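Contents: one structure, followed by commentary.
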Amino acid sequence: MGDLGELSLPVRAFLKVYRWRRIDPVPWSPLRKPLAESNVALVTTAGLVLPDQPPFDDGVKGGDASFREIPADASVRSLIDAHRSDTFDHAGIAADPNLAFPLDRLHELARDGVVGRVNRRHLSFMGSITATARLVKERAPEAARLLVEDGVDAALLVPV
């Protein structure tokens with residue numbers, strides 16, 4: 001995130017009064033095997049979608065807490081930036097979607113033996129969720145179940 005002075009007055013005012021959710025303890029699981037033997041998935045909050053997927057719904061009050069599955073063989077260049085926030089410059093993601101969804105880099109790490117393998121699917125959420133209950137109670141557990149089913153050992157979280 002940039003300097004708060006870069007944001008508009010309404011956004012700064014919102015951030016000043018927003019009740020940030022505290023999670024304690026932070027859910028964490030140590031890596032149980034070497035990264036070079038691990039199945040790795042990406043989870044981004046860049047709001048990226050494939051051309052054949054519906055965009056995130058800007059009409060949902062508090063933000064669309066759903067997610068999109070992105071297959072490992074997807075072309076990063078084909079991803080569409082559907083992020084609703086205007087509080088950051090989207091030009092970098094437009095120029096190189098790997099900034100927000102480093103799938104090409106992950107494939108390179110697997111090819112070079114740094115990670116064991118690239119998971120078959122990855123997840124894209126919308127960032128800027130201000131009403132987090134649906135995300136925490138429904139969508140995050142659903143996403144976690146998918147990754148557990150896939151045998152994911154490590155998830156690279158890419159917040160935007």
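Keep in mind it's a predicted model, so treat the numbers as computed, not measured.
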- [ ] Mind listing the closest non-hydrogen atom pair of Val49 and Pro55 along with its distance?
- [x] CG1-CA, 4.3 Å
Task: Heavy-atom side-chain proximity of Val118 to Leu103 below 4.5 angstrom - done: yes
TODO: May I ask you to decide whether Arg139 forms a salt bridge with Glu142, counting only side-chain N to carboxylate O separations under 4.0 Å?
DONE: yes
Task: CG-CD1 distance between Asn119 and Ile70, expressed to the nearest 0.5 angstrom - done: 13.0 Å
Open item on the list: Rounded to the nearest 0.5 Å, what separates atom CE in Met126 from atom CG in Leu135?
Closed with: 12.0 Å
Open item on the list: Please determine whether residues Leu99 and Val160 belong to a single hydrophobic cluster, defined as Ile, Leu, Val, Met, Phe, Trp and Tyr linked transitively by side-chain heavy-atom distances below 4.5 Å.
Closed with: no
Task: Pairs touching residues 34-70 that satisfy ring pair (Phe, Tyr, Trp, His ring centres under 6.0 Å), sequence neighbours left out - done: Phe67-Phe125
TODO: Measure across Pro102 and Leu42 and return the closest heavy-atom pair with its distance rounded to 0.1 Å.
DONE: C-CD1, 3.7 Å
- [ ] Verify the cluster assignment for Leu31 and Val43: are they in a single hydrophobic cluster under the rule of side-chain heavy atoms below 4.5 Å apart?
- [x] no
- [ ] Using side-chain contact (heavy atoms from CB on, under 4.5 Å) as the criterion, point out the one residue from Thr44, Ile93, Leu48 that pairs with Leu79.
- [x] Leu48
- [ ] Side-chain contact test, heavy atoms from C-beta onward, threshold under 4.5 Å: evaluate it for Ser124 versus Leu50 and give yes or no.
- [x] no
Task: Contact list for residues 63-75, test side chain to side chain donor-acceptor pair (under 3.5 Å), sequence neighbours left out - done: Asp64-Ser66, Ser66-Arg68, Glu69-Arg121
Task: Criterion side-chain contact (heavy atoms from CB on, under 4.5 Å) on Leu109 and Leu35, from CA distance to verdict - done: CA-CA 10 Å; Leu109 291 171; Leu35 195 55; over 6 Å; no
- [ ] Please answer whether the main-chain N or O of Asp150 pairs with a side-chain N or O of Asn39 as donor and acceptor at a distance below 3.5 Å.
- [x] yes
- [ ] Give a yes or no on whether Val40 and Val76 share a hydrophobic cluster (residues Ile, Leu, Val, Met, Phe, Trp, Tyr; joining criterion: side-chain heavy atoms under 4.5 Å apart).
- [x] yes
Task: Closest non-hydrogen atom pair between Ala46 and Ala100, with its separation - done: CB-CB, 3.5 Å
Task: Presence of salt bridge, Arg111 and Glu108, under 4.0 angstrom - done: no
Task: Test item: His107 and Asp112 side chains (from C-beta on) under 4.5 Å apart, heavy atoms - done: no
Open item on the list: Check for me, please, whether Leu106 and Val114 land in the same ILVMFWY cluster - side-chain distances under 4.5 Å, paths through other members count.
Closed with: yes
Open item on the list: How close do Gly63 and Ile129 get, counting heavy atoms only, and between which atoms?
Closed with: C-CD1, 3.7 Å
Task: Minimum heavy-atom distance between Val60 and Arg134, given as atom pair plus value - done: CG1-NH2, 3.2 Å
- [ ] Mind listing the closest non-hydrogen atom pair of Arg77 and Ala94 along with its distance?
- [x] NH1-O, 4.2 Å
TODO: Verify side-chain contact (heavy atoms from CB on, under 4.5 Å) between His122 and Leu147, making sure each step is shown before the conclusion.
DONE: CA-CA 8 Å; His122 308 276; Leu147 298 179; over 6 Å; no
Task: Any Lys137 side-chain heavy atom under 4.5 Å of Pro141 side chain - done: no
